[in-house]
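Counting from 1, the numbers follow the sequence of the chain as shown.
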Amino acid sequence: MSQPTHPALPASTILGYPRIGPRRELKRALESFWSGTTTEADLSEAGARLRTRTRTHLTDLGLDPQTAAIPSDFSYYDQVLSTAVAVGAIPERFGIDASAPISLADYSRLARGDAETAPLELTKWFDTNYHYLVPEIGPDTPLQYVPGSGPVAEFIEAKEAGAHTRPVVVGPVTLLALAKGTDPLARLDELVSVYQKLLVELAAAGATWVQFDEPALVSDNGTVPAAQLNDAADRAYRTLAATADRPGILVAAPYGDLRERFATLAGTGVEAIALDLVKGEIPDDGALAHARGLTLVAGLVDGHNVWRTDLHAAAERLQRLRAAHDGPVSVATSTSLLHVPHTVADETELPERLRSWLAFADEKIGEVLALAAGADDAAEAFAASRSVREDRAGAPGVRREEVRRRTGALTAADTERADASARAAAQQERLNLPPLPTTTIGSFPQTGDLRRARAQRRKGEITDEQYAEVIRDEIARVIELQTELGLDVLVHGEPERNDMVQYFAELLDGFAVTQHGWVQSYGSRCTRPSILWGDVSRPAPMTVEWTRYAASLTDKPVKGMLTGPVTILAWSFVRDDLPLGEVADQVALALRDEVADLEDAGIGVIQVDEPALRELLPLRAEDHQAYLDWSVRSFRLATSGAATHTQVHTHLCYSEFGEVIDAIDGLGADVTSLEAARSAMEVVPELARAGFSRGIGPGVWDIHSPRVPSTEEIVDLLGRALAAVPAQQLWVNPDCGLKTRGYDETTASLRNLVAATAETRTGL
């Protein structure tokens with residue numbers, strides 16, 4: 001093992017910090033640049049201001065600015081894209097010179113595409129609601145170090161401002177494991193040599209530590225066999241550790257347990273390993289024997305959820321690790337704080353009692369510092385931790401006996417419907433749909449007028465009835481547009497919904513919502529995850545009024561639109577004192593009641609979206625089945641009360657679906673729509689091979705790009721789909737909801753979608 005020639009890591013640090021800005025400053029800067037309102041220089045300046053603000057703020061919170069305690073992990077869109085660009089891994093189809101730093105315009109084109117070129121594929125980052133851009137690395141993709149790349153430039157920027165930061169880069173094994181191409185791991189040795197050049201330049205700039213994020217090493221999911229991942233980690237980090245004149249290497253393995261790969265990494269010569277001790281375990285004595293002298297970074301504060309840490313339990317784990325390990329131990333967050341909002345201090349409208357239970361990014365840094373200091377020196381923090389946990393356990397609403405009795409009485413019959421073929425016949429008789437029915441996923445563009453009306457209602461500037469009139473007008477507009485375009489199954493457009501989860505959270509007992517709790521989802525897109533703190537029930541119908549009104553305006557079927565139980569959990573900060581399966585059943589029963597009320601209102605098509613089904617899949621294969629059992633059960637519980645002639649739809653997106661094909665089938669939905677446009681219908685043959693026999697709507701329009709797909713493109717995608725599934729199964733729809741698009745591109749794209757469908761129908 002190499003002898004460390006760099007300063008020790010500090011006693012306390014974090015693995016990353018939110019980069020979008022406390023008031024979404026980066027979002028606004030990006031969108032202004034994309035719209036042409038501002039210049040590239042303006043965007044660059046906005047990024048510099050945010051990085052300066054973050055360094056100063058983290059210093060003020062107590063992280064040492066001189067000891068690499070502060071991570072340098074900024075990205076204008078996505079850290080995977082930024083790393084790929086830094087190593088020159090830019091697909092040739094973009095026509096971008098990969099040998100020099102690229103412009104922010106070209107960087108954005110990789111992420112968003114343009115009229116001629118589709119963007120990189122977008123999918124979920126491990127078991128989080130963050131989305132990364134999938135690198136395309138084939139046998140001939142250029143791999144070359146780009147001097148002065150982002151990590152180096154940002155380190156120098158901080159150094160010139162008086163701070164000694166720790167650059168954070170996606171590690172080489174994870175970058176290749178996530179890439180698409182012909183055996184990307186075959187390029188490992190070439191890529192590692194590129195990383196070596198990065199290390200040398202960082203050292204020359206004065207960096208003493210670099211953090212390589214390697215979450216792929218805690219996962220069995222993905223296309224790379226476990227044995228290959230282990231070998232890749234060993235080869236990559238032995239080579240990197242052997243690099244002369246380099247910074248110390250910290251390998252971070254968030255979101256799970258390294259298990260056998262801990263000993264592998266410990267033997268490579270790296271100087272430090274960060275362990276997720278929220279989702280993982282302390283290595284056993286045999287594994288720790290391989291790590292003598294290494295610095296272990298103990299991720300004891302949950303970077304993935306918002307509840308205050310049990311400092312006494314965390315301190316006990318820290319003590320056990322220090323007693324067992326022959327080497328330094330630092331304290332950190334389990335993951336980057338990218339996944340939580342900036343600070344609880346902003347949430348002045350939350351009940352004070354609930355606020356006292358929470359820790360966002362800034363508060364978690366305080367917990368890291370308290371753990372590093374110990375119970376004697378941080379007595380006040382430890383006492384508050386114990387008091388808060390006791391208060392939360394006994395608070396009204398955390399446990400409601402009527403909710404527990406209802407879930408406790410469930411039987412297998414509550415998750416069963418009639419035979420699928422009988423349902424299909426009854427639904428076709430009721431709906432009388434043409435071949436290749438056209439529809440959308442649910443939401444239509446959220447206009448400035450809608451946002452203003454929502455804000456005015458919140459401030460009391462307009463009455464509830466005035467607000468309702470705005471919503472009715474927008475629903476009428478959306479129904480008229482869909483009718484004019486010729487869509488077959490319509491939606492009301494969801495103008496009343498600020499978010500597909502928050503809308504329901506505001507109407508269900510057991511939830512709370514934030515004012516400023518923004519979390520980056522991808523690029524400029526942010527969400528405000530709701531906080532699920534207590535037992536869940538539905539006090540009143542949530543969607544019936546608006547859906548009934550939309551249906552009254554047309555003779556065509558109108559879909560009722562609900563968000564499924566798994567997605568409501570995945571896109572909320574969920575209580576940590578009850579198994580997820582039990583919480584999902586509570587949410588499912590509330591949705592089951594809503595389905596019944598929609599049916600009573602005459603709605604014959606009801607969509608229950610589950611885009612997050614794949615997202616929560618555990619990272620280790622041995623845990624998959626238990627998760628799939630409760631997640632599929634909760635969807636079926638929500639929908640199985642529906643009548644035979646009611647057509648139940650679901651929607652999934654942002655995911656690699658191969659590992660959950662059986663679960664998708666197990667949901668039992670009559671029609672399943674999926675994201676498929678960016679991957680050119682990749683999922684359809686997988687479904688066909690799995691014997692999927694009900695309706696399927698693979699997306700033909702990538703709504704995450706501003707591109708308007710041509711009629712010819714959509715005809716080609718439909719042809720690919722029809723090569724794998726029979727026409728009687730196929731539906732035609734976009735990849736996802738249209739909330740983030742404008743009406744001009746929406747109208748043009750849907751017009752092309754309908755025209756392509758008509759052309760394809762003539763060939764059936």
Side-chain angles (χ1 to χ4, degrees), residues 12-31 43 46-63 65 69-82 124-126 128-132 150 154 158 163 165-170 211 213 215 252 254-255 274 278 299 301-309 332-347 358-369 499 514-531 571-573:
S12 50
T13 187
I14 58 174
L15 298 189
Y17 189 76
R19 59 192 180 223
I20 202 72
R23 292 297 181 269
R24 295 179 292 164
E25 290 88 347
L26 181 58
K27 169 189 174 65
R28 294 183 175 87
L30 282 167
E31 292 176 355
L43 177 56
R49 284 196 304 270
L50 269 174
R51 293 190 294 271
T52 298
R53 185 262 176 200
T54 295
R55 292 191 300 268
T56 301
H57 185 62
L58 294 181
T59 300
D60 292 344
L61 289 173
L63 293 179
I70 294 176
S72 176
D73 62 339
F74 182 81
S75 173
Y76 281 100
Y77 198 101
D78 165 51
Q79 70 268 15
V80 181
L81 175 62
S82 294
K124 289 293 178 76
W125 176 251
F126 297 89
T128 77
N129 188 29
Y130 179 77
H131 310 72
Y132 71 94
E154 288 166 26
T165 59
R166 184 179 73 250
V168 179
V169 183
V170 176
Q211 176 180 319
D213 285 345
Y255 312 116
V278 173
V301 172
D302 191 350
H304 202 182
N305 209 334
V306 295
W307 306 104
R308 285 180 64 161
T309 302
T333 51
S334 61
T335 70
S336 168
L337 295 174
L338 173 73
H339 307 298
V340 296
H342 278 77
T343 177
V344 177
D346 285 341
E347 302 307 325
L358 303 175
F360 293 175
D362 289 357
E363 291 75 26
K364 289 179 184 295
I365 292 170
E367 293 181 327
V368 167
L369 294 168
D499 177 84
T514 66
Q515 291 171 270
H516 304 294
W518 296 103
V519 175
Q520 186 178 24
S521 180
Y522 64 89
S524 69
R525 295 291 300 143
C526 302
T527 63
R528 273 186 300 160
S530 302
I531 298 170
W571 295 356
S572 300
F573 293 121

Flag, side chain of [X] to backbone of [Y], donor-acceptor distance under 3.5 Å:
X: K364; Y: D302; answer: yes
X: T333; Y: T335; answer: yes
X: Q79; Y: D73; answer: no
X: Q211; Y: L15; answer: yes
X: E367; Y: T309; answer: yes
X: T13; Y: A69; answer: yes
X: D346; Y: Q515; answer: no
X: E363; Y: F360; answer: yes

Please round to the nearest 0.5 Å and tell me the distance separating atom [atom1] of [X] and atom [atom2] of [Y].
X: L63; Y: I14; atom1: CG; atom2: CD1; answer: 5.5 Å
X: L26; Y: Y76; atom1: CG; atom2: OH; answer: 8.0 Å
X: S72; Y: R55; atom1: OG; atom2: CZ; answer: 7.5 Å
X: E25; Y: R49; atom1: CD; atom2: CZ; answer: 9.0 Å
X: R528; Y: T514; atom1: CZ; atom2: OG1; answer: 5.5 Å
X: R51; Y: R19; atom1: CZ; atom2: CZ; answer: 12.0 Å

State, yes or no, whether a side-chain contact exists between V306 and P341 at a heavy-atom distance under 4.5 Å. yes
Taking side chain as C-beta onward, heavy atoms only, is Q520 less than 4.5 Å from L338?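 Yes, close enough: below the 4.5 Å cut-off.
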State which residue, out of W125, F573, Y255, fulfils the ring-ring contact (aromatic ring centres under 6.0 Å, His included) condition with H339.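 So the option named by the test is Y255.
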What's the shortest heavy-atom distance between [X] and [Y], and which atoms?
X: A158; Y: T165; result: CB-CG2, 3.6 Å
X: D78; Y: H131; result: OD1-O, 4.0 Å
X: G517; Y: P529; result: O-CD, 3.5 Å
X: S75; Y: S82; result: OG-OG, 2.8 Å
X: A252; Y: D213; result: CB-OD1, 3.4 Å
X: G303; Y: V340; result: O-CG1, 3.6 Å

Carefully, step by step, assess Y17 and I70 under the rule side-chain contact (heavy atoms from CB on, under 4.5 Å). CA-CA 9 Å; Y17 189 76; I70 294 176; over 6 Å; no
Residues N305, V278; criterion side-chain contact (heavy atoms from CB on, under 4.5 Å); working and verdict: CA-CA 10 Å; N305 209 334; V278 173; over 6 Å; no
Derivation of the side-chain contact (heavy atoms from CB on, under 4.5 Å) call for K27 and R525: CA-CA 7 Å; K27 169 189 174 65; R525 295 291 300 143; 4.2 Å; yes
Intermediate values then yes/no, side-chain contact (heavy atoms from CB on, under 4.5 Å), W571 and T527: CA-CA 8 Å; W571 295 356; T527 63; over 6 Å; no
Under a 3.5 Å cutoff, is there a donor and acceptor pairing between the side chains of Y522 and N129? no
